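Structure first, commentary second.
Order of the sequence lines sets the chain letters (A, B, ...), proteins ahead of strands, with each chain counted from 1. In this text, all values refer to a predicted model and were calculated from it rather than measured experimentally.
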2 protein chains.
Amino acid sequence: MLLPPVIEKFVLHFGEMGGRWGINRTVGQIYALLFLSDRPLNAEEITEALGVSRSNVSMGVKELEAWRLVRKRHLPGDRRDHFEAPDDIWQIVRTLAEERRKREIDPTLSMLRDVLMETPSSPEERHAQGRMGEMHELIELLVGWSDDVQKLNNESLMQLLTLGASVSKLLDIKSKISGFVGGKRRSAGSEESS
Amino acid sequence: MLLPPVIEKFVLHFGEMGGRWGINRTVGQIYALLFLSDRPLNAEEITEALGVSRSNVSMGVKELEAWRLVRKRHLPGDRRDHFEAPDDIWQIVRTLAEERRKREIDPTLSMLRDVLMETPSSPEERHAQGRMGEMHELIELLVGWSDDVQKLNNESLMQLLTLGASVSKLLDIKSKISGFVGGKRRSAGSEESS
DNA sequence: CTATGATTTCTGTAACGACAGAAACTTGGA
DNA sequence: TCCAAGTTTCTGTCGTTACAGAAATCATAG
């Protein structure tokens, strides 16, 4: 790998972190490289920059495309594919949230729905189903919220984030104004406890 | 493994998902089992229920304790350690958010801070540092928000989630009432785009 | 202080994933 | 339609991680 030190540090870090995030080292490095690059890179350039095999790069960009974190780009007069990472980091956050949800949350939700349909045949199972019900409700709430937030534009999203904890004050104000919580969906408490 | 079918499905699912979440199969299964159980279990019981080795269970509960997802519990008149998963699922979400942040975000933040201190020696590096700056700013914003939300009690948290997208309307109302955004921290835009 | 049961750490093996290089395939120009 | 450049898939090797079973350590009751 022969990169400016600043870029190299970042790329190596993403490679290491890749492990924790469920993607492999090479994939992390490719993304890091493209994220920092000021122009689309072709597979050959990536191969040289990272010192990994050509085929490995091929697999890597494919995976990143599946995550929608990287786009193919055709430069006029060049037959080779070029790759780039979208610029808008807010959009990146949305994409990440969406894809992770699809992979990590949705399968669990569907399993929970299945299991909750079955009839318990012992107190032990009844208790277990109760717990699963709690979990299901909570996840649905989180997913619904996430869906809603996805739709916000960059500015509103930033406002929301900047607001932080003072949101609770805001909630107070709102309930005073409207007398009830307008967007209310469902009650989900944690009244059960050992 | 000899468990009621409802419980078994859940446990197996968590085992499989464990891979995607950066924990191994056994650890996922142990947590699932404890989450569903209506009483603390000792290591021997876990071993039998899951059909894995005693030592594996020992390592597993240790890791779960490090994540603060499982607690040791001493039952009077029994020398053996018992383990249980906290009941309050809201608290579980908070714990997960906190721990994942510690492991997955903080190291990146600190790397970014380091690299941003260095002086770029080429236009390429200058651009790269710009991107890293954007990323750093965004992550700080997300982390700050997450910190704030951590502090909310279950009820406020649920209110916030239930609110969903209508938060943007609320934001409008607020800016009309107060004339400025009170909790404002820093401006972080994504003005750059290709 | 010793013996016994419980728990953790150590060690070797087996399974899995990452990766390079080769082979097969695809695409665009002549 | 053929050729060349580019890309993807296949295959074998290497390194890592998960795991069981054995050994060592720790804690409590007598």
Salt-bridge contact A:Arg113-A:Glu140 (side-chain N to carboxylate O under 4.0 Å): yes
Does the side chain of A:Asn24 get closer than 4.0 angstrom to OP1 or OP2 of C:dC19 through an N or O atom? yes
Flag if over 12 foreign heavy atoms under 6.0 Å of CZ, B:Arg126: no
With heavy atoms under 4.0 Å as the rule, sort A:Arg25 into base, sugar-phosphate or nothing. sugar-phosphate
Between C:dA6 atom C1' and B:Leu75 atom CG, what is the distance in whole Å? 15 Å
Whole-Å gap separating P (D:dT8) and CZ (A:Arg80): 14 Å
Using atom CG of A:Asn56 as one end and atom P of D:dT13 as the other, report the distance to the nearest whole Å. 18 Å
Measure the distance from CD1 on B:Ile46 to C1' on C:dA6 and round it to the nearest whole Å. 14 Å
Within the structure, does a side-chain N or O atom of A:Asn42 lie under 4.0 Å from either OP1 or OP2 of D:dG6? no
Taking OP1 and OP2 of D:dT7, is either one under 4.0 Å from a side-chain nitrogen or oxygen of A:Lys62? no
Please say whether the positively charged group of B:Arg131, taken as NZ for Lys or CZ for Arg, lies over the ring of A:Phe35, i.e. under 6.0 angstrom from the six-membered ring centre and within 45 degrees of the axis. yes
Between A:Ser58 and D:dT7, is there a side-chain N or O to OP1/OP2 distance below 4.0 Å? no
Within the 4.0 Å limit for protein heavy atoms, which parts of nucleotides 22-30 of chain D are touched? Write it as a string from 5' to 3', B for base, S for sugar-phosphate only, - for none. -----BS--
So A:Asp81, base contact, sugar-phosphate only, or nothing? Heavy-atom distance under 4.0 Å. sugar-phosphate
Any side-chain N or O of B:Arg54 under 4.0 Å from OP1/OP2 of C:dT7? yes
Check the distance between D:dT17's P and B:Ile23's CD1 and give it to me in whole angstrom. 16 Å
For B:Glu99, which residues count as a salt bridge (Lys or Arg N to Asp or Glu O under 4.0 Å) partner, sequence neighbours excluded? B:Arg68, B:Lys102, B:Arg103
From CD1 of A:Ile30 over to P of C:dA18, roughly how many Å is that when rounded to an integer? 13 Å
Ranking A:Asp78 and B:Val27 by the position along DNA chain D of their nearest nucleotide, the one closer to 5' is A:Asp78
Which nucleotide sits closest to the side chain of B:Val52: C:dT7, C:dT9, D:dA20? D:dA20
Taking only the side-chain nitrogens and oxygens of B:Thr26, find out if one of them lies under 4.0 Å from OP1 or OP2 of D:dC19. yes
From the set D:dG6, D:dT8, D:dC19, return the single nucleotide nearest to any side-chain atom of A:Lys72. D:dT8
Residue A:Glu155 excluded, over 12 heavy atoms near CD under 6.0 Å: no
Contacts of B:Arg101 meeting salt bridge (Lys or Arg N to Asp or Glu O under 4.0 Å) (sequence neighbours excluded), chain-then-number -> B:Asp106, B:Asp147
Any salt bridge linking A:Lys72 with A:Glu84? Criterion: basic side-chain nitrogen under 4.0 Å from a carboxylate oxygen. no
Quick check, are the ring centers of B:Trp21 and B:Tyr31 under 6.0 angstrom apart? no
Please report the distance, rounded to the nearest Å, between CD in B:Glu44 and C1' in C:dT7. 11 Å
How close or far is atom C1' of C:dA18 from atom CD of A:Glu16, stated in whole angstroms? 16 Å
